[in-house]
Amino acid sequence: MAVKTVIDAIGKIHPDSIIKQCETQGICEITLAADAFFEVMTLLHEHKPFPFDMLTDILGIDRMPRTPRFDLVYLLLSTKNFTRLIVRMEIDEGQDVPSVSSIWHSADWAEREVFDLMGIPFSNHPNLQRILMWENFEGHPLRKDFPLEGKDFDKPFDPTTIQDYC
Amino acid sequence: MGIETQLIGDNVLVTNLNKLVNWGRSNSVWPCTFGLACCALEMIASTLANFDISRFGSEVFRPSPRQSDLLIVAGTVTKKMSVMVKRVYDQMADPKWVIAMGSCSSCGGIFQSYAVVQGVDQIIPVDVYIPGCPPRPEAVLAGLMKIQEKIRTEKLNQRPDFKTGLF
């Protein structure tokens, strides 16, 4: 199987970087250690003969009582033979994650979305700003401890408090 | 034959200015081309041949707020969009009316959320609320007829634009 050779290659170059390996819905999933994350992602992108040249999406999952608190899930696709790979990483609150936007340009907006809604900071990101919420919004709404109605829900809404590029 | 035969000669039609102006305004309520969510599709459907909003003189959806009289807030008003809704309303020339169409723009609807304005009447004054999620085109027409009714019973010197000296 094509994915197995990639995972074996990672294991040779960066031993102990893959913590866990499993298969869900016929798609291979690996859990990476945080320290070798960027190097392994670079390797996945440049691996021959079928590089994972497309980053479909980045997901952030808040598993609040657990430490480390967050899961980051990267969905990779190789357009050469159409195999998929799920890369998962467990990180704690405030822990720095290297941005992969220098590897895949699609990561730019995806990481901004994860930063906006989950509050996970990405280092070396070219433009880490909010993408969905307005600029002076306080908090990160998809965190488990964020109240659904938000702040000041019982008070009348004033549109002049919204500061955005528009 | 018709009214043409009566027009020969020096006939005089007596009415008051209030009624004449309101009659003209109520039969040419031009809405703004402005849709926010799924309610906008029902608003579009009400303009098409099956429901035919032009029976009420409102078929001319103006692409500019400066040429329109009626703002149909059709859909969920998010807090990020509320700035734009307010700006479109402010750009409209007096006299102007507002319909809050659907549950979302009336009161927030199902979106009891950090991102959604709980009723567009927190931003701009609303004349008619249309309930429904989304309302059928018949309900849009009913709301429009309510607006017409309101215009016909208006006193010109009691309009808000007259009172603020913008008339």
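Not measured: the values here are computed from a predicted model. Every chain is numbered from 1 and lettered A, B, ... according to where its sequence line falls, protein lines coming before strand lines.
Distance check: D158(A) CG to K86(B) NZ gives 9.5 Å after rounding to the nearest 0.5 Å. To the nearest 0.5 Å, the span separating CD on Q118(B) from NZ on K155(A) amounts to 14.5 Å.
F153(A) and Y114(B) have their aromatic ring centers separated by at least 6.0 angstrom.
Side-chain heavy atoms closer than 4.5 Å link hydrophobic residues (I, L, V, M, F, W, Y) into clusters, and following such links, possibly through other members, connects F34(B) to M84(B). Hydrophobic clustering keeps M54(A) apart from L85(A) (ILVMFWY residues linked when any side-chain heavy atoms are closer than 4.5 Å, directly or through intermediates). Cluster annotation: W30(B) and L70(B) are assigned to distinct hydrophobic clusters (Ile/Leu/Val/Met/Phe/Trp/Tyr, side-chain heavy-atom contacts under 4.5 Å, transitive). Taken together through direct or relayed side-chain contacts under 4.5 Å among Ile, Leu, Val, Met, Phe, Trp and Tyr, V87(A) and F52(A) form part of one hydrophobic cluster. Under a hydrophobic-cluster definition in which Ile, Leu, Val, Met, Phe, Trp and Tyr are linked whenever side-chain heavy atoms come within less than 4.5 Å, directly or via other members, Y89(B) and V73(B) are assigned to the same cluster.
Looking at M133(A) and K80(B), their side chains never come closer than 4.5 Å, going by heavy atoms from C-beta outward. Residues K79(B) and F157(A) meet the side-chain proximity criterion, which asks for heavy atoms closer than 4.5 Å.
Between P159(A) and V83(B) the shortest heavy-atom distance is O-CG2, 4.0 Å. The shortest non-hydrogen separation linking Q122(B) to P156(A) is OE1-C, 3.9 Å.
The residue among W134(A), F146(A), F137(A) with the most heavy atom pairs within less than 4.5 Å of chain B is W134(A).
Heavy atoms of other residues, nucleotides or ligands lying less than 6.0 angstrom from CE of M145(B) number 12 at most.
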